[in-house]
**Student:** 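First the structure, which I've put down as C-alpha cells, then a few questions once you've had a look.
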Amino acid sequence: MSLRVYNTLTRKKEEFVPLEHKEVKAYVCGVTLYDELHLGHARYAVVFDIIRRYLEYKGYKVNYITNFTDIDDKMIARAQSLGVSISELAEKFIGEYFAQMQQLGVKKADCHPRATEHIKEVIELIKKLEDRGLAYSTEGDVFFRVKRFPSYGKLSHQNLEDILTGVRVEVDEKKENPFDFALWKKSKENEPSWDSPWGKGRPGWHIECSAMAMKYLGENLDIHGGGKDLIFPHHENEIAQSEGVTGKTFVRYWLHNGLVRMKNAKMAKSTGNVLTLSHALSNYKGEVVRYFLLSAHYRSPLDYNENSLQEAASSLNRVYSLLGKIEKETSGAATFEKGKIPSQLEELSDKFIRAMDDDFNTPVALSTIFEMTKEANLLLAEPLSRSSMFFLSEVANRIRYLGRILGLFQKKEKKKLNQRTEQVLKILIEIRDKFRQEKKWDLADEIRKKLENIGIQLEDKKKGTRWEIERLTEG
RNA sequence: GGCGGCAUAGCCAAGCGGCAAGGCAGAGGACUGCAAAUCCUUUAUUCCCCGGUUCGAAUCCGGGUGCCGCCUCCA
C-alpha cells in the first residue's frame, strides 16, 4: 500500500515518493518565542509528529527538523516590556516548549535550530540573492525583488497582480514594489544586531527558515510543513528565496495543517482568542490533549469548545478501560489457544493503515480502534473460552501496536500506592464494609465520598470493594 | 476586491458516485443498598436550500444562503 499526501503546491493528493529511496527530509516551521504556546501550536506539533511517526512506521529514515524563531519584532517588544533580554525570553519559552511537548508525547526533532545561531548562513544566502539580482539594499535594509522571481505565488496560487490588489500592504518608500519583503532589517538603537555587509541589522522573518532548512537538509526537501496560516507569505517567500538561489525545486511536498478554532474564530494570540497549552495541560493529561488534536483530520479546522477535552478524556478512557480488563483476564491464562489472527482483526488493522495511507486520516484510524474495542467488550461479557482469550490478547496487542503510530494508548499501569498507604486504605475499606453490613449507608457513603475527593475511587462489587486511583482526566 | 476552505444527528467528526464510520452526550437495560465506574442496546429514510447530470448523489455540475481562513504578525 502506498502513502498519498495532499500537496498544497499542486492542490492534489499525490503518491509520496521521497527523493532518496528510504530517506525523508522534513522541515517544519516551528514557533516564535514571544509568548506562551496555545492549542494551535500543539496541533502543528502533534500533527507533524504523527506524520513523522507514520513515515518511520513505513520504514523511512526521517530527518526531521523544526526550528525556533528567536529574534523578531514581537520578541523585541515583549522582552522590553518584561524587562528581560531577548535571549532570556527565548530560553524561558524554549524550556516551556520542550516540557509541554514531552507531555503531549511529541518526540524531539533531530535538530531544533535557532535563527540567531544561523546569522552567518542567512548573510551568505542574501549575498547570493544579491549576486543574482534578486535582492537589493537600501539604507541598510535588504529586500527580495519579487518581480524577478516569475513563479512567485505558485504555492498560494495567486499571481502578483492579484496580490497587489490586496490593498492592505503599506507603501514603503524604500521598496521597489510593495510586495518585496525584507531579507535583512537595519536595526534600530537598543535592538539586538549583527554585523553584515549592509551594516548592523538582523534577519527578516522568512530567510532564517530557508537558511536553516538548506543547511541541515540540503537544497531539496521532501516535506516542508506548518500551519495553513503560513502558506502566504511565509512559505511563498521561502520558495522565492531558496529557489532564487539554487534554481532547483526547494520542496517536493508542502503539507499544511488546519487551524484550531474557538468560538467560531481562529485561535490566535493577536485576537486574544486563545486557550493556552499550559491551561489545557493543567486540567487534562497530555494524552487527552493529543487525542483531541487527532480527532479531526489534520487539514480540517478543529473546533474547540469547553467540552472538547472532557469528551476526549472519556473516549480515551474507554480504550484504557478495555486494555485494563484484558490484561487482568489474560494475565493468569498461560495457555490460550494460539491460532491465526482473527480475520476481523486483520481487516480492522488494514483499515487503520489504509486510513493513514490516505493523507493521514487519523479520525478513521481511531475509529478502527473503537471497533476493536467493541468486539472485545462483547466477548468479555460472556464466559471466556481459550480462543476468545487469544482474541482478547490479540486485540490488546493491536491497540498497543497501532496506537504507537499515533502516540496513544501506550500507558502501562496505573500509579501504585506505597505499601503503608495501601494498608491504611484497606483498613478503611474494611471498616466501611462493616458499616455496609450494618446498613449504615450514610457513614459508608461519607467514606466513599471523602476518598473520592482525594482521587481514590471505590467500586462495590459482588466480590467486595475495589479501589482505583488516578483518573485519566486529571492533569 | 483577490485566493481558498467549510456546511453531515444535541455536540465533535469520517465518508467525496452504489444501502450514512467512530466518539461524546441522551434514552432504555445489566450490575449496585444507593452511587460511581463499566458493559450492552438504541439515537440521521437522510447529509444548508433550489435546480440539473445519473439506473443511482451527502458525494458530480449550475445557482443561492450562511460561516471560516489567507491576502498584515501568526502553528
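These numbers were taken from a predicted model, which means no experiment stands behind them. Numbers restart at 1 for each chain; the letters A, B, ... are given by sequence-line order, proteins then strands.
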**Student:** Applying a 3.5 Å limit to both distances, which nucleotide forms a Watson-Crick or G-U wobble pair with B/rA7?
**Tutor:**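 Here B/rA7 is engaged in a pair, and the nucleotide opposite it is B/rU65.
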**Student:** So what does A/R11 touch, heavy atoms closer than 4.0 Å: a base, only the sugar-phosphate, or nothing?
**Tutor:**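 Sugar-phosphate contact only - A/R11 comes under 4.0 Å of backbone atoms but never of a base.
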**Student:** Using both distances under 3.5 Å as the test, list the Watson-Crick or G-U wobble partner of B/rC60, or none.
**Tutor:**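 Across any shown strand, B/rC60 pairs with B/rG52.
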**Student:** Could one point to a donor on the side chain of A/N307 or the base of B/rC12 with an acceptor on the other under 3.5 Å away?
**Tutor:**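 It does not, because no donor-acceptor pair links the side chain of A/N307 to the base of B/rC12 below 3.5 Å.
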**Student:** Can you check the A/D358 CG to B/rA21 C1' distance for me, whole Å?
**Tutor:**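 That distance rounds to 14 Å.
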**Student:** Do the side chain of A/K228 and the base of B/rC70 come within less than 3.5 angstrom through a donor-acceptor pair of N or O atoms?
**Tutor:**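 Per atom types, no contact qualifies.
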**Student:** In whole angstrom, give me the gap between the P atoms of B/rA13 and B/rC3.
**Tutor:**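 It comes out at 28 Å once rounded to the nearest Å.
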**Student:** Would you indicate whether A/H112, at its atom NE2, is surrounded by more than 12 heavy atoms from other residues, nucleotides or ligands within a distance under 6.0 Å?
**Tutor:**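 More than 12 within 6.0 Å, yes.
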**Student:** Below 4.0 angstrom, which residues in residues 108-116 of chain A have at least one non-hydrogen atom near RNA chain B?
**Tutor:**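 Per residue number, the list is empty: none.
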**Student:** In whole angstrom, what separates A/L316's CG from B/rG23's C1'?
**Tutor:**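 Checked: the CG to C1' distance equals 11 Å.
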**Student:** Rounding to the closest angstrom, what is the interatomic distance between B/rA75 and B/rG62 at atom P?
**Tutor:**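 36 Å, rounded to whole Å.
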**Student:** Check this for me, if you would: do A/D460 and A/R436 make a salt bridge, where the nitrogen-to-carboxylate-oxygen distance has to be below 4.0 angstrom?
**Tutor:**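 A salt bridge links A/D460 with A/R436.
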**Student:** Between the side chains of A/T32 and A/D72, is a donor N or O closer than 3.5 angstrom to an acceptor N or O?
**Tutor:**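 Not at all, the side chains of A/T32 and A/D72 share no donor-acceptor pair under 3.5 Å.
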**Student:** Does any nucleotide pair with B/rA44 by Watson-Crick or G-U wobble geometry, both distances under 3.5 Å, and what is it?
**Tutor:**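 Answer to the pairing question: none, since B/rA44 forms no Watson-Crick or G-U pair.
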**Student:** Find the distance A/W254:CH2 to B/rA75:C1' and express it as a whole number of Å.
**Tutor:**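 Rounding to the nearest Å, CH2 of A/W254 and C1' of B/rA75 are 14 Å apart.
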**Student:** Paired with B/rC16: which nucleotide, if any, by Watson-Crick or G-U wobble criteria at under 3.5 Å for both distances?
**Tutor:**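 Partner of B/rC16: none found under 3.5 Å.
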**Student:** Would you mind reading off the distance between A/K12 atom NZ and B/rG4 atom P, rounded to a whole angstrom?
**Tutor:**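 Rounding to the nearest Å, NZ of A/K12 and P of B/rG4 are 14 Å apart.
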**Student:** Taking C-beta and beyond as the side chain, do A/F181 and A/V146 meet within less than 4.5 Å on heavy atoms?
**Tutor:**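 Side-chain contact under 4.5 Å: yes.
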**Student:** Does anything in residues 256-263 of chain A come within less than 4.0 Å of RNA chain B? Heavy atoms only, and list the residues if so.
**Tutor:**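 Heavy-atom contacts with RNA chain B come from A/N257, A/G258, A/L259, A/V260, A/R261.
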**Student:** Kindly determine whether A/K325 and A/E329 satisfy salt bridge (charged side-chain N to carboxylate O under 4.0 Å, His left out), including the steps that lead there.
**Tutor:** CA-CA 6 Å; A/K325 271 186 273 184; A/E329 293 295 339; over 6 Å; no
**Student:** Take atom NZ of A/K266 and atom P of B/rC6, then tell me their distance rounded to the nearest Å.
**Tutor:**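 Nearest whole value for this atom pair: 18 Å.
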**Student:** With a cut-off of under 6.0 Å to the ring centre and 45° to the axis, is A/K411 in cation-pi contact with A/Y320?
**Tutor:**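 Cation-pi check for A/K411 and A/Y320: passes.
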**Student:** Strictly by Watson-Crick or wobble contacts shorter than 3.5 Å, is anything paired with B/rC39, and which nucleotide is it?
**Tutor:**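 Per the H-bond distance test, B/rG29.
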**Student:** Using heavy atoms and a sub-4.0 Å distance, could you list which residues of residues 429-442 of chain A are near RNA chain B? By number, please.
**Tutor:**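 Of all residues in residues 429-442 of chain A, the ones placing a heavy atom under 4.0 Å from RNA chain B are A/R432, A/R436, A/W441.
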**Student:** Got a sec: does the CD of A/Q102 have more than 12 other heavy atoms crowding it under 6.0 Å?
**Tutor:**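 Atom CD in A/Q102 is not packed in, count stays at 12 or less.
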**Student:** Taking a pair as Watson-Crick or G-U wobble with both distances under 3.5 Å, which nucleotide is matched to B/rG1?
**Tutor:**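 Looking at the geometry, B/rG1 pairs with B/rC71.
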**Student:** Tell whether A/R318 reaches the base of B/rC39 with its side chain through a donor-acceptor pair below 3.5 angstrom.
**Tutor:**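 It does not, because no donor-acceptor pair links the side chain of A/R318 to the base of B/rC39 below 3.5 Å.
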**Student:** Could you state the CZ-P distance from A/F93 to B/rA75, rounded to the nearest angstrom?
**Tutor:**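 From A/F93 CZ to B/rA75 P: 13 Å.
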**Student:** Calculate the interatomic distance between A/F232 atom CZ and B/rC70 atom P; express it in whole Å.
**Tutor:**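 One finds 13 Å between P of B/rC70 and CZ of A/F232, rounded.
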**Student:** Between A/Y44 (OH) and B/rG69 (P), how many Å, whole number?
**Tutor:**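 It is 22 Å, rounded to the nearest whole Å.
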**Student:** If you only use heavy atoms from C-beta on, which nucleotide in B/rU72, B/rC34, B/rG69 is closest to the side chain of A/F179?
**Tutor:**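 Looking only at heavy atoms from C-beta outward on A/F179, the closest nucleotide is B/rU72.
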